[in-house]
Amino acid sequence: MEIPSKFDSRQVESKWYAFWQENEYFKSVPDDREPYTIVIPPPNVTGVLHMGHMLNNSLQDIIIRRARMRGFNACWVPGTDHASIATEAKVVAKLKEDGIEKSSLSREAFLEHAWDWTHEYGGVILEQLKKLGCSCDWDRTKFTLDPEMSESVLRVFIDLHNKGLIYRGFRMVNWDPEAQTTLSDEEVIYEEKSGNLYHIAYQVEGSNGRVIIATTRPETLLGDTAVCINPEDERYHGLKGKRLIVPIANRSIPIIEDEYVAMDFGTGCLKVTPAHDLNDKALGEKHNLDVIDIFNADATLNEHGLEFEGLDRFVARKKIVKALDALGVLVKTELHVHKVGTSERTKAVIEPRLSDQWFLKMEQLAQPAIEAVLHSDEIALLPEKFKNTYRHWMENIRDWNISRQLWWGQRIPAYYYGSGKDDFVVTLTPEEAIDAAQKKSGNTSLTKADLQQDEDVLDTWFSSWLWPISVFDGIRNPENEEVNYYYPTQDLVTGPDILFFWVARMIISGYEFRKEKPFSKVYLTGLVRDEKGRKMSKQLGNSPDALKLIESYGADAVRVGLMLSSAAGNDLLFDENLCQQGKNFANKIWNAYRLIDGWEIEKTIKPSVAADEALDWYENHFNKTIQWVDENFEKHRISDALMTTYKLIWDDFCSWLLELAKPAYGKPIDAETHARIIRLFENNLRLLHPFMPFLTEELWHYISEREVNQALTVSSWPEALSFDNGLITDFEITKEIVAGIRNFRKDKNISFKEKITVYVTNSEKELPYQASIVKLGMLDEIIYSQAPEKINGGSFRVSKVEFFIPTLAPEDPEAEKEKLQAELKYTQGFLASVEKKLANERFVANAPEQVIAIERKKASDAEEKITMLQKSLSLL
RNA sequence: GGGUGUUUAGCUCAGUUGGUUUAGAGCGCUACCUUGACAGGGUAGAGGUCAUAGGUUCGAAUCCUAUAACACCCACCA
């Protein structure tokens, strides 16, 4: 087959992806091989591929492809997440554009819109993963809202409820007034904002005295039910037991004492609003205070807002400040920088709010997950530094608020039959609920119409924490063949930003529902940042279009670009130049094959000595390199594994081996050399395939016609054979000698095409790889003796061997002398440092033998070299 | 405020449990080469007092202490 002069990534990529799929190479069913399983971190169903996904999924693909080649039954399960808040927000926004308010729709009608949206945009991201080359078993694609997946979630809810671990509580939660939903602590982002600290005077009841309190939220004074001072605070001892009048509201509230109040902040007097602040709520409970909630769900003021009723909280704040000022009780206003919680999704300022929520008790559940990561090392976090973060979170774990005031998600399977606190049942279906409710209430006349299902849905993470189990149906059918075979999985690859949201909770659920870890290794990638170090985000518009990158550079190139600088766990500063580097690499390999392919093969000629030398060396070097690459993979140092392979192919294979094995221009190559080169080239492709699947598969089929089951994707990973290290280290010297000759030519302005003779002046022993030196140095011959006298020329040295090269032009003895003297000076300096070490008695007494032997060798080598240099100098 | 981590060449990073010459790689840079696989290429070169100050040791980029800058996580004092 004629090979085109350019590698056309677009055409090649779609061709081979289709081929792989047609032949079901990525499909996995349980068999007698050992499984290697990865479950994908499910991206948002309506999301589009961004750089983080590219990094993440390239890594997973590299790992799973290598596992497949190593003979494991490789199974990579893809899927998507319903992402309740994010998706619902998108649907609401879309409806708004069409002039439809969510509040005007029934739950059913809204869900219909949401499903339409999901069907329209859902799965786009999975198609994009195919473009990247991801070798997922697409027949296994799951969606967290699939009926079976949802059923698993509900069963888990019921199970945990029956175990007494799920409870309802009236709690202070993070309320997003825009989305009108609760957010978990993890979904709140604290932003530093500059605001005002208002100092407001409260009148002491029954006297003319005033007390100044400081607050950043003056509007909440309408909900004040106490003012608190520190009992140690002597300034306020006179106030103990008195009451104050809240301005505007004109309510009387008590002064309470608690050590919680800091004496050195503000005025030392704290207004207490139990309905609108977590700490105030705690104080309120401790001191039995009333709770006055002044907000509606959308954070406008309610009837407690008096004349400000109906105003938005921020509008009300301004008006109230004005009103306070008018009353003469606004003592002063100072600038104050503080952190304000905002919603990760809507950016709205979070309102702490008391409401009825469902919670999952975490402390007991977390114990096995703590043990597995921190003590038994059943699960490894890579890099290890995340262990500390994990420990900190797990040991201070708080109950998980699992209810969300949304419609898009699994609706909480609790059915209320009365208004009492416990008048509800938790069942899988509404039908079961009737039975259960009749039993629990003792009222056998209860019908479906008497039951009211909880309006809330479950937190998205409450479905994704089951992912590694539920994708194999291990919740509903815990003994099925699939889950028993594939679970626990091997690796999880994800970002450290969801270590708590997701990773920790999967570990918890794994031990709770399967009594076993969900995965052995967690590979935490860094965040992808732009070249200025900023996090890539839509808002900044600094995230390159992932698909465009693939189109312009090719998927292989983008994968290489991402891997080249993504050291484990470190953030990745993404620069498009990296993709260019990947593309250049693809081009290099392509052209290497074009060179080999272009040779005419002649069976009757014998291999050249240089080719034999080079092939022997490369075979050994290749085996050594596989070992190193394997080691890097074991340590999950994927970028090192790639860089090692990159250098192996570019430098060792192309620059050294091919240059040495290459026949003279227009001449044929002998069949044996050709066959050996092809075999080595194939092995290179195997090593490279996980990183650059498309290019390597394409070349694999150019090399020869292959049967369907002999595609590279399903071939084997090269085995690390034994090697002769001596051959490898000798060649390093050869490289230095060749470089020395090239340098000399450049120095003396001798063309690289002009043949020269080299004298080895101080050694009778033939150099290893002599034919190679002759070929790459473009030498006539190597003569092992002093150069004849009166010949002009210069010299260079590699370790202890001196090389002399004659030159036509009379040599400038001064320049040569200078060069020698510089070299001499360096070597003497070096020797001095080594001798100083050796002269130190304590060094000789304390250092291990081996180290001393090395130092002695250094010294004697240096001495020899000095002798040689001095001799050469004296000859000049 | 508490914690964790980072700081090595212009840039991005290695440096494998203190001793492989007087510290490495890739990219970038500089000079030269270039009709014979590849200019998306080749050959060579320049470039670092390993953040700073102390300490431990025969020996420190590597261990300890302090300081500084940066990053992230946790908490959230009105």
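Just so it is clear: chains get the letters A, B, ... in the order the sequence lines come, proteins before strands, and each one is counted from 1.
On the C1' atoms, B:C63 is 30 Å away from B:G26, given to the nearest whole Å. B:C77 and B:A71 have their P atoms separated by 24 Å, given to the nearest Å. For B:C58 and B:U67, the C1' atoms lie 29 Å apart once the distance is rounded to whole Å. Annotation: B:C73 and B:G55 have their C1' atoms spaced 31 Å apart (nearest Å). B:C13 and B:G18 have their C1' atoms separated by 22 Å, with the value rounded to a whole Å. Rounded to whole Å, the P atom of B:G2 lies 25 Å from the corresponding atom of B:A51. Taking atom P in both B:A23 and B:A9, the straight-line distance is 14 Å, to the nearest Å.
No engagement by A:Leu197 is indicated, since no non-hydrogen atom pair under 4.0 Å with the nucleic acid exists. A:Asn388 comes within 4.0 angstrom of the backbone, heavy atoms only, and of no base. Nucleic acid contact class of A:Glu634 (heavy atoms, under 4.0 Å, all strands): none. Within 4.0 Å of A:Trp599, counting heavy atoms only, lies no atom of the nucleic acid at all. A:Gly829 comes within contact range of at least one nucleobase, with a heavy-atom separation under 4.0 Å. Backbone-only contact: A:Lys647 has heavy atoms under 4.0 Å from sugar-phosphate atoms and none from a base. A:Asn279 comes within 4.0 angstrom of sugar-phosphate atoms only, judged by non-hydrogen atoms across all strands, and of no base. Counting any heavy atom pair closer than 4.0 Å across all strands shown, A:Arg391 reaches no nucleic acid atom. Looking at heavy-atom distances under 4.0 Å, A:Tyr593 makes no contact with the nucleic acid at all. Among the protein residues, A:Leu270 comes within range of the nucleic acid bases, having at least one heavy atom under 4.0 Å from a base atom. Counting non-hydrogen atoms under 4.0 angstrom, A:Ala845 reaches nothing in the nucleic acid. Base contact: A:Cys654 has a heavy atom under 4.0 Å from a base atom.
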Notebook entry, point to check: Which dot-bracket notation, 5' to 3', represents the base pairing of RNA chain B when pairs are defined as Watson-Crick or G-U with both distances under 3.5 Å, crossing pairs as [ ], and inter-strand pairs as |?
Noted result: (((((((..((((.....[....)))).(((((.......))))).....(((((..]....))))))))))))....
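Applying the 4.0 Å criterion to OP1 and OP2 of B:A75, one finds that A:Arg398 has a side-chain N or O inside that range. A sub-4.0 Å separation between OP1 or OP2 of B:G45 and a side-chain N or O of A:Asn743 is present. Residue A:Lys588 has a polar side-chain atom (N or O) positioned under 4.0 Å from OP1 or OP2 of B:G42. Under 4.0 angstrom from either OP1 or OP2 of B:C27 there lies at least one side-chain N or O belonging to A:Tyr646.
Among the nucleotides B:C74, B:U22, B:A44, the one closest to any side-chain atom of A:Ala739 is B:A44. Which of B:C76, B:A78, B:U35 sits closest to the side chain of A:Leu278 comes down to B:C76. Considering only the side chain of A:Ser655, B:U43 comes nearest among B:U16, B:C73, B:U43. Residue A:Asn591 has its side chain nearest to B:C38 when only B:C38, B:C77, B:C76 are considered. Closest to the A:Ser833 side chain, of the nucleotides B:G26, B:U22, B:A78, is B:U22. The side chain of A:Trp650 sits closest to B:G41 out of B:G5, B:G41, B:A37. Listed nucleotides B:C73, B:U43, B:A37 differ in distance to A:Arg742; the shortest reach to its side chain belongs to B:U43. Of the candidate nucleotides B:C73, B:A37, B:C77, B:A37 has the atom lying nearest to any side-chain atom of A:Lys662.
Stacking of A:Phe752 onto the six-membered ring of B:C33 is not present when judged by under 5.5 angstrom between centres and under 30° between planes.
Considering OH of A:Tyr702 and CD1 of A:Ile3, their distance stands at 5.5 Å, rounded to 0.5 Å. The CG atom of A:Asn632 sits 6.0 Å away from the CZ atom of A:Arg637 when rounded to the nearest 0.5 Å. We find the CG-CD distance between A:Asp730 and A:Glu732 to be 10.0 Å, quoted to the nearest 0.5 Å. We find the CD1-CZ distance between A:Ile649 and A:Phe681 to be 7.5 Å, quoted to the nearest 0.5 Å.
Side-chain atoms of A:Arg235 come within 3.5 Å of backbone N or O of A:Met263 as a donor-acceptor pair. No donor-acceptor pair closer than 3.5 Å links the side chain of A:Arg353 to the backbone N or O of A:Val173. For the pair A:Asn230 (side chain) and A:Glu232 (backbone), a donor-acceptor distance under 3.5 Å is present.
A:Glu285 and A:Lys281 are joined by a salt bridge, as a carboxylate oxygen and a charged side-chain nitrogen come within less than 4.0 angstrom of each other. The residues A:Lys735 and A:Asp652 are annotated as salt-bridged, a charged nitrogen and a carboxylate oxygen being separated by less than 4.0 angstrom. Ion pairing between A:Lys857 and A:Asp861 holds under the 4.0 Å rule for side-chain N and carboxylate O.
Looking at A:Lys746, its side chain comes within 3.5 Å of the base of B:A31 through a donor and an acceptor atom.
Using cut-offs of 30° and 60° on the angle between ring planes, the pair A:Trp393 and A:Phe500 is parallel.
Here the P atom of nucleotide B:A37 and the CD atom of A:Glu659 are 8 Å apart, to the nearest Å.
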With 3.5 Å as the limit, what N/O pairs link the protein to nucleotides 55-59 of chain B?
| from | atom 1 | to | atom 2 | distance (Å) |
| --- | --- | --- | --- | --- |
| B:C58 | O2' | A:Asn840 | ND2 | 2.7 |

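In summary, the side chains of A:Gln581 and A:Asn577 do not present any donor paired with an acceptor at a separation below 3.5 Å, with no hydrogens or angles considered.
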